[in-house]
Amino acid sequence: MKLFYLFFILLATWAIPAFSQEASQQCSFLKHSEPVWNAEYMEDQWFLVRGTGVDSIKNDIHALVEAWNELSDIDVSLIEIKTEYVHIAIPESDRLTQSSGTSGAMVTLATLVYTLTEHPVCNHLFLDFEEGDHAEPGIYSRADFLDSFVICY
C-alpha cells in the first residue's frame with residue numbers, strides 16, 4: 001500500500017508542473033488590456049483572465065462597476081458596501097438566469113465576482129437577482145469558481 005502512495009505522489013509531482021506550465025503558456029496567450037476579467041474557453045478548459053486595465057481602477061468600486069457595465073451585456077447596480085460583502089443588484093436578470101445556459105451563467109458570475117473583488121475591501125459579493133433555471137442569488141467569492149476555471153493573472 002505504501003508503494004501505491006509513493007507512486008501516486010511521484011505521479012502527481014510530475015503531472016502538476018506540466019499542467020501548470022501548459023496553463024501558464026495559455027494564460028500568457030490570453031492576456032488583454034480591458035479593466036475587467038474575461039473568460040475564455042480553449043482546449044476543453046475555461047480560463048479566467050485578468051485584464052491589465054484593472055490595475056488603474058481596482059481601488060474604486062464605482063469604477064469597477066462602471067467598467068463591468070460598459071463591457072458586459074448584463075448591467076449591475078451597486079446597492080451598498082457592508083463589512084462582510086458588497087451588495088450588487090442585477091435588475092434585469094433574465095439573460096443571466098434563463099437564456100445564457102448554465103455555462104453562460106457561470107461565466108458571467110465568475111467574471112463579475114473576479115472583477116468586483118479586485119477592490120481591496122471587497123472579498124464577497126451578495127448578488128441580488130431573481131432566481132432562474134441557471135443561476136441563483138446569494139453570496140459569492142472567488143473561491144466559488146476555483147474548481148471550474150484556470151485563473152490567469
Side-chain angles (χ1 to χ4, degrees), residues 12 15-153:
I16 289 171
F19 174 77
S20 298
Q21 183 178 14
E22 180 181 323
S24 177
Q25 289 171 345
Q26 290 169 324
C27 283
S28 65
F29 176 72
L30 296 171
K31 292 279 185 199
H32 64 92
S33 62
E34 294 173 342
V36 295
W37 283 73
N38 283 334
E40 297 290 337
Y41 188 76
M42 185 171 46
E43 298 178 12
D44 296 326
Q45 283 186 323
W46 278 105
F47 292 81
L48 268 180
V49 184
R50 184 180 191 270
T52 57
V54 168
D55 285 329
S56 65
I57 62 170
K58 70 181 181 182
N59 293 320
D60 182 350
I61 191 71
H62 298 283
L64 288 165
V65 168
E66 186 178 321
W68 169 266
N69 286 337
E70 286 177 13
L71 296 168
S72 172
D73 54 358
I74 297 175
D75 285 349
V76 302
S77 300
L78 175 64
I79 303 299
E80 65 182 322
I81 301 170
K82 294 196 166 222
T83 307
E84 307 85 31
Y85 59 83
V86 173
H87 185 173
I88 299 292
I90 305 175
E92 295 178 26
S93 59
D94 282 351
R95 183 176 200 125
L96 170 67
T97 62
Q98 298 297 332
S99 58
S100 65
T102 303
S103 292
M106 178 186 65
V107 163
T108 299
L109 292 174
T111 55
L112 175 61
V113 167
Y114 269 75
T115 296
L116 298 187
T117 57
E118 282 288 336
H119 190 274
V121 177
C122 179
N123 292 320
H124 296 84
L125 299 181
F126 171 58
L127 299 179
D128 190 5
F129 56 88
E130 189 173 324
E131 184 172 346
D133 293 337
H134 304 292
E136 60 185 47
I139 295 181
Y140 290 86
S141 72
R142 290 182 174 204
D144 294 318
F145 304 100
L146 292 176
D147 292 339
S148 303
F149 293 89
V150 173
I151 310 301
C152 302
Y153 289 94

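Keep in mind that the numbers below use all heavy atoms, side chains included, and drop hydrogens, waters and symmetry copies. This is a predicted model, so every value here is computed, not measured.
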Quiz item: Between Ile88 and Phe129, does a side-chain contact (heavy atoms from CB on, under 4.5 Å) hold up when you go through it step by step?
Solution: CA-CA 9 Å; Ile88 299 292; Phe129 56 88; over 6 Å; no
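- Shown here are the salt bridge (charged side-chain N to carboxylate O under 4.0 Å, His left out) partners of Asp73, two or more places apart in sequence or in another chain: Arg95.
- Residue pairs meeting the salt bridge (charged side-chain N to carboxylate O under 4.0 Å, His left out) criterion with at least one partner in residues 125-139, sequence neighbours excluded, are absent.
- Residues satisfying the salt bridge (charged side-chain N to carboxylate O under 4.0 Å, His left out) test with Glu118, not counting sequence neighbours, are Arg50, Arg142.
- Between Phe145 and Tyr140, the ring-plane angle classifies as parallel under the 30° and 60° cut-offs.
- Atoms CG and OH, from Asp144 and Tyr114 in turn, are 9.0 Å apart once rounded to the nearest 0.5 Å.
- Residue-environment remark: CD (Gln98) exceeds the threshold of 12 foreign heavy atoms within 6.0 Å.
- To the nearest 0.5 Å, atoms OG1 (Thr117) and NZ (Lys58) are separated by 12.0 Å.
- Under the 3.5 Å distance criterion, the side-chain polar atoms of Asn69 are matched with a main-chain donor or acceptor of Val76.
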Practice problem: Let me see the working for Val113 and Leu127 under side-chain contact (heavy atoms from CB on, under 4.5 Å), right down to the final yes or no. | Solution: CA-CA 9 Å; Val113 167; Leu127 299 179; 4.3 Å; yes
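- A distance of 14.5 Å separates OH in Tyr85 from CG in Asn123, rounded to the nearest 0.5 Å.
- For the atom pair CD1 of Ile74 and OG of Ser100, the computed distance is 6.0 Å after rounding to the nearest 0.5 Å.
- What you find for Gly132 and Thr97 is that their closest heavy atoms are CA-CB, 3.5 Å.
- At least one side-chain heavy atom of Pro120 sits under 4.5 Å from a side-chain heavy atom of Asn59.
- Panel note: side chain His32, backbone Val49; a donor-acceptor pair is recorded below 3.5 Å.
- If you take CE on Met42 and CG on Leu30, they are separated by 4.0 Å, rounding to the nearest 0.5 Å.
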Quiz prompt | side-chain contact (heavy atoms from CB on, under 4.5 Å) assessment of Val54 paired with Thr115 | solution = CA-CA 8 Å; Val54 168; Thr115 296; 5.7 Å; no
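- We find the CG-OG distance between Asp55 and Ser33 to be 12.0 Å, quoted to the nearest 0.5 Å.
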Practice problem: Tell me, with the steps shown, if Leu116 and Val86 meet side-chain contact (heavy atoms from CB on, under 4.5 Å). | Solution: CA-CA 9 Å; Leu116 298 187; Val86 173; 5.9 Å; no
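- Pairing each heavy atom of Ser148 with each of Trp46, the nearest pair is O-CB, 3.5 Å.
- Contact detail for Pro35 and Leu71: the closest heavy-atom pair is CD-CD1, 3.8 Å.
- Shown here for Ala39 and Phe149, the closest heavy-atom pair between the two residues is CB-CE2, 4.2 Å.
- Between Trp37 and Tyr153, the ring centre distance stays below 6.0 Å.
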